[in-house]
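See below for the structure under consideration.
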Amino acid sequence: MPSHIPVSKISSYIGQDIILKGWVYNRTDKGKLAFLLIRDGSGFVQCVAFKGDLQPETFDLITHLPQESSVIITGAVREDKRAPGIPGGFEVGIRDLQVVQAADMDYPMALKDHGVDFALDNRHLWIRMQSQWAILRVRAAVMTATREWLNANGFFEMSTPILTPAAAEGTTTLFETEYFDEGSAYLAQTGQLYNEANIFAFGKVYCFGPTFRAEKSKTRRHLTEFWMLEPEIAFCDLDGLMDVEESLLTHIVQTALKECSAELKFLNRDISKLESMAGPFPRMSYDDAAKYLIDLYEKETDPEKKELLKFEWGMDFGAPHETELTKLNEKPLFVYGYPSAVKAFYMEPWPDRPEVCKSVDLLAPEGYGEICGGSERMSDPDKLLARIQKEGLPEEAFKWYLELRKYGSVPHSGFGMGVERVTAWICGIEHVREAIPFPRTIKRIYP
RNA sequence: UCCUCGAUAGCUCAAUUGGCGGAGCGAGCGGCUGUUAACCGCUAGGUUGUAGGUUCAAGUCCUACUCGAGGAGCCA
């Protein structure tokens, strides 16, 4: 009696009879021959029916199967270089086919390019397509690799609250909701402040969950709901933080290469660009980056490009600036020591240079830009209080946060990593909305 | 919030200076023993986003609106 196997393991069953349970992704009839591309969640494999090998009614059933019908197939595995699929190169000679459900014939997702609007309205079906399946498998691998590295390196996963009181960082627009008789609550835009409390109990921690930004950002790099990893580390300075980011990112990329080679190949990702992606990553000061950008701006002759590259010391980088900086290297680039004015209030000032802070962004190559942002946190309670007052933040809301610095304060650092941005970069795709199963953007909350 | 672009068959797109709304894919039927988004033949499929306006005549020009996109700002 043949056993039920996943498509992903098919290479171990050459010459054997097996059972597949899945869905008809595509069908091609050719007279007395029919090809079914079957997907079962673990992969895509071609199944072949010869009229002569089957009961006439079974063959007739196969040649009339609607796309997306659910089926159970019995047959023999053989190697064939012509066979499409993921991983591909194998096919199943159908001996028997049982229809679990014949799908309605008006399945809307054709196997070709669709417009963004249509594809997103049909996201619940779009995720069945090979490209989206491959991207989301890479995303899962990124998330698994992330936890793997952190757990192996002494970090504890600490869930931080999603429902939070007002004013975490002050600047960002938050989603607001009613909270019983306590007034308004807000969906978390970061778990960092809570993780700063957690490190004094657990040393090295991380939170890994959804994050919400109500800002009306409409670009290929923004979602209103996205997943963020936020490690926080006690007794760690800015250099130590960059070491952690470097090792973690290296592990994530190498794992994706190992676990998802078929997916990346299907996505036509230039693997060689990822293979060299191991630490150390170059580290550049904001001052040097600013000098480079100002120089570039002055040399630019095209007036349109010149306007985009406009830059002076003290500005935060725009997307065109990030792109220019990432062109300098094949690897991700650390830029550290940003002006305090463009960064959050809790970042530790540079010694003897209070206008600069111990912050660091990690910019992914090939124009992907910022994938991690972090800093050494202010550890002195008096300086922190002064900064909170200067920013006009409500002091009483930060009472607990200030207390962390009263009882055994230490230098500590942390960063946030955007899962969808990392996934989009590894997959080589245009837009972060394809790097999450059901993207939430400013204009979309369906499906 | 600002700037720019777009909306024509189920989907992706054509339609010349304002002059009879088409094709491919998908769907149905038939043909084909190696297809890779197969191919060949036939069939069905339309209130051109909405509301006005200009004109002998509007998919095409004008006004307003709706919906969407990607860029700025802000950020991961």
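Reminder, nothing fancy here: chain letters follow the sequence lines and each chain counts from 1. Model, not experiment: these values are computed from the prediction. Values reported hereafter were calculated over all heavy atoms of this structure, with side chains retained and with hydrogens, waters and symmetry mates removed.
For A/K30, whose side chain is taken as the heavy atoms from C-beta onward, the closest listed nucleotide among B/rC32, B/rC25, B/rC75 is B/rC32. Considering only side-chain atoms of A/P320, the nucleotide from B/rA72, B/rC11, B/rG30 that sits closest is B/rA72. Nearest to the side-chain atoms of A/L223 among the listed nucleotides B/rA76, B/rA72, B/rA37 stands B/rA76. For A/L111, taking side-chain heavy atoms from C-beta onward, the closest of the listed nucleotides B/rG34, B/rA37, B/rA72 is B/rA37. Set against B/rC75, B/rA72, B/rU12, the side chain of A/K112 has B/rU12 as its closest nucleotide. When distances are taken from the side chain of A/R221 to each of B/rU35, B/rC25, B/rA72, the shortest belongs to B/rA72. Closest to the A/A110 side chain, of the nucleotides B/rG26, B/rG34, B/rG68, is B/rG26. The listed nucleotides are B/rA37, B/rG68, B/rG34; the one nearest the side chain of A/D113 is B/rA37.
Distance CD1 (A/I94) to C1' (B/rU35): 13 Å, rounded to an integer number of Å. As a whole-Å value, the separation of A/K343 NZ from B/rC75 P is 7 Å. Look at CG on A/L120: it is 17 Å from P on B/rC67, rounded to the nearest Å. Straight-line distance from the CG atom of A/D361 to the P atom of B/rC75: 10 Å, rounded to whole Å. The nearest whole Å value for the distance from the CG atom in A/N26 to the P atom in B/rA27 is 9 Å. Protein atom NE2 of A/H222 is 12 Å distant from nucleotide atom C1' of B/rG70, rounded to whole Å. Atom CZ of A/R220 and atom P of B/rA76 are 19 Å apart (whole Å). Here B/rA76 presents its P atom at 16 Å from CD1 of A/I436, a figure rounded to the nearest Å.
Not one side-chain nitrogen or oxygen of A/K218 sits closer than 4.0 Å to the OP1 or OP2 atom of B/rG71. Phosphate contact (OP1/OP2 of B/rU1, side-chain N/O of A/K216, threshold under 4.0 Å): present. In terms of phosphate contacts, A/H431 brings a side-chain nitrogen or oxygen within less than 4.0 Å of OP1 or OP2 of B/rG70. Residue A/R444 places none of its side-chain N or O atoms closer than 4.0 Å to OP1 or OP2 of B/rC67. Using a 4.0 Å cut-off, some side-chain N or O of A/R433 falls inside it from OP1 or OP2 of B/rG70.
Rounded to whole Å, the P atom of B/rA44 lies 25 Å from the corresponding atom of B/rG49. The gap from the C1' atom of B/rC13 to that of B/rU55 amounts to 29 Å, rounded to the nearest Å. On the C1' atoms, B/rG24 is 15 Å away from B/rU8, given to the nearest whole Å. Across B/rA9 and B/rU60, the matching P atoms stand 15 Å from one another, rounded to whole Å. For the P atom pair drawn from B/rA14 and B/rA7, the interatomic distance equals 8 Å after rounding to whole Å.
In this model, no side-chain donor or acceptor of A/E430 finds a partner on the base of B/rG70 within 3.5 Å. Side-chain to base pairing of A/S217 with B/rC75: no donor and acceptor N or O lie closer than 3.5 Å to each other. Contact annotation: side chain of A/H114 to base of B/rC11, donor-acceptor pair absent below 3.5 Å. You'll find a donor-acceptor pair under 3.5 Å spanning the side chain of A/R421 and the base of B/rC75, going by distance alone. Side-chain atoms of A/T28 and base atoms of B/rG34 include no donor and acceptor less than 3.5 Å apart.
Ion pairing between a basic and an acidic side chain is recognised when a charged N comes within 4.0 Å of a carboxylate O; A/R283 and A/D243 show such pairing. The pair A/K299-A/E324 does not meet the salt-bridge criterion, since no charged nitrogen lies less than 4.0 angstrom from a carboxylate oxygen. By the 4.0 Å N-to-carboxylate-O rule, A/R82 lies close enough to A/D80 to be salt-bridged with it.
The structure places CD1 of A/I86 at 5.0 Å from CZ of A/F266, a figure rounded to the nearest 0.5 Å. A distance of 11.0 Å separates CG of A/L33 from CD1 of A/I62, quoted to the nearest 0.5 Å.
Look at A/F226 and the base of B/rA76; the rings stack, centres closer than 5.5 Å and planes less than 30° apart.
For the ring pair (Phe, Tyr, Trp, His ring centres under 6.0 Å) with A/F311, the lone residue among A/Y292, A/Y297, A/F317 that qualifies is A/F317.
A distance below 6.0 Å separates the ring centres of A/W313 and A/Y286.
Within 4.0 Å (heavy atoms only), A/D316 reaches sugar-phosphate atoms of the nucleic acid but no base atom. Contacts of A/G115 with the nucleic acid, taken as non-hydrogen atoms under 4.0 Å apart, involve only primed sugar atoms and P, OP1 or OP2. Using a 4.0 Å heavy-atom criterion, one finds that A/K443 contacts the sugar-phosphate atoms exclusively.
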